[in-house]
Each structure stands twice: as structure tokens, then as C-alpha cells.
Number of protein chains: 2
Amino acid sequence: MHARRPATLASLAAELGVSRTTVSNAYNRPDQLSPELRRRVLETARRLGYPGPDPVARSLRTRKAGAVGLLLTENLSYAFRDPAAIGFLEGLALACEGAGQGLHLVPVNPEREDVAAVHSAGVDGFVVYSVPDDDPHLAAVLSRPVPTVVCDQPRVDGVDLVGIDDHAAIAQLAGRLITLGHRNVGVLCMRLARDRNDGFASVARQRTAHFHVQRARLAALADSFAAAGVDWERVPVVERFDHSSAMGESAAAQLLDANPEVTALICTSDILALGALAEAKRRGLRVPHDLTVTGFDGIVEAERVGLTTIRQPVLEKGRAAGKLLLGAADHSRPRHITLDTELVLGTTSAPPRTTEQPWFGP
Amino acid sequence: MHARRPATLASLAAELGVSRTTVSNAYNRPDQLSPELRRRVLETARRLGYPGPDPVARSLRTRKAGAVGLLLTENLSYAFRDPAAIGFLEGLALACEGAGQGLHLVPVNPEREDVAAVHSAGVDGFVVYSVPDDDPHLAAVLSRPVPTVVCDQPRVDGVDLVGIDDHAAIAQLAGRLITLGHRNVGVLCMRLARDRNDGFASVARQRTAHFHVQRARLAALADSFAAAGVDWERVPVVERFDHSSAMGESAAAQLLDANPEVTALICTSDILALGALAEAKRRGLRVPHDLTVTGFDGIVEAERVGLTTIRQPVLEKGRAAGKLLLGAADHSRPRHITLDTELVLGTTSAPPRTTEQPWFGP
DNA sequence: TGTGCTGACCGTAACGGTTCAGAACCAATT
DNA sequence: AATTGGTTCTGAACCGTTACGGTCAGCACA
């Protein structure tokens, strides 16, 4: 009979001659009405094709959406492409499923400033994963009146935070390379700002990088090598906007073309390092004899090839973020969690070649 | 002043002395009011800390949530653990980001019947990925008045569908093994029903499996080998509830312990096959000389070790599902998409050992 | 007989927006 | 002077539900 408009709680109540409250209770508080009436309500619902209380209307009334939003810098699909992101999300998903919360991935485009998607996500809180400091999407999230946890970001006033000590972690790695004798190093890093710059990154650009993680790692490298007598101004740093192994390859090629004297390639991610290894192979450079390559993250693909890298607990990071967001009764003062990292000495690092000098001229 | 209750569109309108409509228009239809007034509205909003129209209230009125829901059989975190699932999700995410839609992962527990999460997901449609035919969560999804696309499922009346021809695909593989001379085969398969059964699966259980994909693959194997004169009743089929490489290992061990005469292990997923390979290695069985192992899916890890398998376009499957759900103006009649598969001949399949008989006596 | 309690149900007021049909005003055309 | 058209803004209805604070009948108990 109610074929046209789909049935609503109100229409069901009218049909039954009871109040809307009662129908609502039939679904949400079975103890508030007699079993007999409840049976009738549910049966009539089936007959009328009423699918149960509308989730959106319920959310509006109860002020709960039952989901946490995830914002990341990249395209949505990147979440399923980068092993580190996947690990992070697995951890976050673990926390969510434990709390019966859904996970709402917010679609953004890193090259656009369209924050509408952030404004239209019906969620109870946000996890923000490694976006640039000045990202308009981050600002949009912070403007929303819901709790937020940021990851791999600098502190934001009044916001919970999960991360690692990027500076200390990579300083440890740098120390190792210095001990081995490397002085001619080159760096491959990820996107430093929201504008696309596939090429060398000046020291100024490094210092003002909008991505906290990259900035911290580069600063630590600069500090470490400067302390070892290396003039950081002369250290080539090549940046890539997109994060993929192919980009690591091309970045390594660009760097080695311009600086053949380099004996160690320090990459700020394992993905880039894997690309660098591929490029080294293509050039006939033996790793680690001719060239040392290091990464960062500790993804399984890196472990498989014995990459020297920093292992960070990506899964645990995601889980910690989720727990912070969900478990937290006390949101009075922001909490900061710093997780441990570990230097993994693989087979891609060794002392520099001891031959006289590079093959190419003066 | 409005410190306690957060500002709403109405309070903003009151503050400005304009109608709610006008404030709404300031956000949604800038051309409907003078630039000057719009500026004032936005500025006052900033001053009052109004974060813009509430997404849930908007969704209620517009009947759009801006997100698609994903339902899968497993725990939420499984989506980030299984390479095939990850590929599927990457494809789905690509379709979503193209349409500016979010992706809402619905948290369910495969061992519980709690469908509340399905009922409380504020989404514009659902993609259902490989759940059992009688899954209550699937029923809950179908009861919701939103478009739905199912993947790797049998046809459901009036619902769009994306999948592959599981029967034909694995029949091709079976044909190959038969040509090679294998007659003593064993099968490792994934969960067949919602109840946990880690062990041998009877033919009856195989036939009544609740998971379409597994059922189709087993049926195809039974057909193929029966046609080659093999008594399928005697073919050992070992099932595992959880899907992991470790389960593949233990399943292979269980099967080989009971049936040492087996010359080929056919696995209904690459993950299980990788486990089987590990178990074979542990036992000192040389693959493919002593034992043939095959998989299904064509994940990169399998490719790396040269597994003989069926490659299916998981990413494309996800993308197709997303496009079907989002692009579709015409929902009048359900559409079915069947994607192509490809037999990948790796280095894990060969003719059976030609020695007389197994080492162990009768 | 009065009192208090419990179970079962109801009325009203939000929740925070969007939408649509006009109203009011002004300038330009007939 | 009347008509037309365009811009800018408004009032009221509506989206579908749940929270809150009741009412009311029936029953046990002193």
C-alpha cells in the first residue's frame, strides 16, 4: 500500500496506531514495551518493507556517526598502494573494529584545495595521517567540532598526537654511515611541500619543508653530517612528488648523474630505496661495494632484500592513533605518544669504495 | 558569547539578522546572495567558530551521504592484510575518488551476527565483497533502500554483480594438471561456511558451501577430475577458516600426513599456496619435482616465487564494482560484469614423480 | 483506603539543515 | 502607467529519528 514513498518510522507508527516512540523503542530498547507489541511492530515493519531506523536521522539525533574519518595527503587509493600506509591502516582498523566503529576514508586530491569532502564526512572523529603543516584539509578537520588525532605531524595545539622521533632515528643511521667512512652522500626524499618539485631541493626548501617528517629527517641528516665535517650545502638532495619505486629510480638516476662521487644514497623511505637499488643495478653498481643504499620504514619488501633501514612500528602507530581517538574519555589535555624505532643493519651498507677517485674527470 | 553550545546555522542567522536560508546559500549557492552579504556571513561564522553546515543534518535533508559502504566477510583489518583484498580495495578506492565519494568500511565480526553496524552506516550504496550466501550482514544490506553491488557472489535478484568465471578459470588449471599426468591430487581451500571447520571437508560440505567462490572452484575441480577418471570422493580437501599463509602451511601438513601419495596440491588461493610451499620446503619436498603446487589470484608475492596460478584482475574488479555503483543512472535492471582471468604457468607445476610408488607401505 | 511502585506507552521538542514558492525591490522595456 | 525581468532575501515545510519528561492502569502492601 505504501508503495511510493518508502516506509518511515512515523508511517509505521500510524499504521499500527501507536506512537513513534514505541516503534523506536521496538528497535532500540526492547525492554520498554511488551514482547507482544514488539512482535507486531517488527512484523508490520516487514510487511511494509520498513528497513529499520534511518541511520542518518539517528546520527543527527544521537550525535554519533559510528565511524572515524581518516584523512591522508594522498589520493584515496594510495592508502592501499603504499605498504607503510597499509600497515598504519591495518592498525587503525584493528582499533576501530575493537570499538565497533567504522572507518571512513575521506577522498581528497593532494593537488586540489577542495575541502568539501572533509566537511561532508559524517564521522565522530578524525585521524590525520602525515599531511603538510599548511594543508587546507587539515585546517578543515580542525575546524570540525570532533576529536582529532594526528600522526607524523608536528604538535598542533590541543590535538592528540602519535609519532616517532624522526630526528633521533635517522641520526642513528647517519652516525652509522659516518662511522663506516661515508662523506660523499646523497639524499632521496619524498615530497617536501604541496607544490610539485621533482628535482634537487635547496637547503632553504629543506628547512621550510611543509611535511614534518621529511623536514625532521633532513634536519637530522644535516646536523649529523655537519658535525662530521661535511658541508651540507654541497650534499645533493633530490625530491620526488609522487611516492613510488619508479620515482626512487628516477631520483637516484638524477642524483648519480650529477654527483657520481656519491658513495651512499640515503633515502627517506624504503620505497624510494627500493627504486634506488633498481637504478644501481641498472648501472652495474654493486651494492654495497660500489654504493651504499639505506631506507626508512622497515616494510617487508625492504626486509626481503636486506635493506639497511630504520624500522618503525607502523601497525602499532595506527592502533595507537585509533585507541587514542576512541578510548579516550579524557580529552581535556592533549596526549602525545612517541613510539620506538630500530636501526636494521642489512646488506646494503658497507664502507665506501677505497679506490682513488671517481672514474669521471676533475 | 556562544561559548557553550557550538554555533549552528540558525544561531548564525539570528546573530546576523538574516534568514537561515540565506546562511545556507552563503555556503551552498554563492550566486544566490550579494557578495557583500556573503562576506559578512562567512566572517561572522569565523568569529563565532561555526564550522559550516553539519554534514549529518545535510545528509538527512539531501538524502546523500557522500560515501559508499564496503561490507566484507572478515574483520575490518583483514582488508589491509590480504593482498587480494587490498587490490580490490585499491580499485574501489580509485572509483570512489574519481567520483568524490568516501569509502566507509563497515566493521563486522565474521563469527557474530551483529548487523547493527550495517544498519548504522550512513552511505549511499554498498559494495559487498565475497560474503557467504546466507550471511545476515548481506541480508541487512539488501534490506537497506540503497543500491548495492556484490562481488564474487552468486546472483542475487535485482542486484548488480561483478565477478569472474571461477568455474572456467580453475577448470583450465585442472586441465593442465591432468595433461601433466596428475591423478593423485589434494585441495586446500578457504572457509566454506560460517561455522568453523579446520580440517577435511566432505563432498557434501563442498557441495553446500556457503561461499560461492569456493563452491564454484571445488565443483569445477570435481567435474574436471571426474571427467579424467578420478574418483572425487577419494580426493582429500582440507579447509581452513582463517585465511593466512600459516593456515596454508598447517593445511598442507594435515593433507600430506594423511595422503602422502598426493602429487599435486591445488590451493584455492595464492596465500594458501604460499603456505603450502613453505610446508613442502620444511618437509624436504622439492617443488615441482616431488610436489606440484598451484594457487589462485595472481598476487605479486606469488608471481615473485613463480607460482602456477590463475591471475584475476582484482584491482579491475574493485574499480568495476565502484563504477557500477556510482556511475549508474539506470538501476532498472541489474547488470552483471564478468572479468577475464588468465592461467599463469609458473615453476611450481610439473609432471608427477615417475618413481614407482610412495615410500610408505600399504 | 491510601500509598508507592512498576510496566507500558505517549506527546512534544529538538537535532541542524535544505528547498521551494514567493515577496520586495529596482531597472528597463513597452 | 503598466509590464517584464532579474536579483536578493524570506517563511514555512520537511528530512526521519530519539531524548526527555511525562501519564495511566494495575497491583502489592500496610
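No hydrogens, no waters, no symmetry mates; every other heavy atom, side chains included, goes into these values. Every chain is numbered from 1, with letters handed out A, B, ... down the list of sequences. These figures come from a predicted structure and were not determined experimentally.
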Problem set entry | salt_bridge(B/Asp160, B/Arg335) N-O dist < 4.0 Å | yes
For this session: Write down the distance between CG (B/Leu60) and P (D/dT18), rounded to a whole number of angstrom.
Result: 12 Å
Exercise. Taking CZ from A/Arg38 and C1' from C/dG7, how many angstroms apart are they, rounded to a whole number?
Worked result: 16 Å
For this session: Take B/Arg40 and B/Thr44 through the test side-chain hydrogen bond (donor to acceptor under 3.5 Å, both in side chains) and record every step on the way to the result.
Result: CA-CA 6 Å; B/Arg40 267 180 57 220; B/Thr44 309; 5.8 Å; no
For this session: Please give the angle, rounded to 10 degrees, between the axes at the start and the end of the helix from C/dT1-D/dA30 to C/dT30-D/dA1, where five pairs define each axis.
Result: 50°
For this session: Might you work through the side-chain hydrogen bond (donor to acceptor under 3.5 Å, both in side chains) test for A/Ser24 and A/Thr21, ending with a clear yes or no?
Result: CA-CA 5 Å; A/Ser24 175; A/Thr21 304; over 6 Å; no
Problem set entry | Whole-Å gap separating P (D/dA19) and CG (A/Asn28) | 7 Å
Exercise. Taking atom C1' of D/dT18 as reference, at what distance in whole Å does atom CG of A/Leu9 sit?
Worked result: 9 Å
Problem set entry | Mutual orientation of the aromatic rings belonging to A/His243 and A/Tyr78 [parallel < 30°, tilted 30-60°, perpendicular > 60°] | tilted
Problem set entry | Where protein sits on nucleotides 6-13 of chain D, one letter per nucleotide: B base, S sugar-phosphate only, - none, heavy atoms under 4.0 Å | --SBBBBB
Exercise. For D/dG16, does either OP1 or OP2 sit under 4.0 Å from a side-chain N or O belonging to A/Tyr27?
Worked result: no
Seminar exercise, completed: Heavy atoms of A/Lys317 and A/Val162 approach each other most closely as CG-CG1, 3.6 Å
Exercise. A/Arg29 side chain N/O closer than 4.0 Å to the phosphate oxygens (OP1, OP2) of D/dA19?
Worked result: yes
Problem set entry | Lys/Arg-Asp/Glu bridge criterion (N-O < 4.0 Å) met for A/Arg39, A/Glu36 | yes
Problem set entry | All side-chain contact (heavy atoms from CB on, under 4.5 Å) counterparts of A/Asp134, not counting sequence neighbours | A/Pro132, A/Arg194, A/His210
For this session: Identify whether the distance between the nearest side-chain nitrogen and carboxylate oxygen of A/Glu111 and A/Arg196 falls below 4.0 Å.
Result: yes
For this session: Between C/dG17, C/dC15, D/dT17, spot the one nearest the side chain of A/Arg63, thanks.
Result: C/dC15
Exercise. Could you give the CD-to-P distance, from A/Glu36 to C/dG7, as a whole number of Å?
Worked result: 19 Å
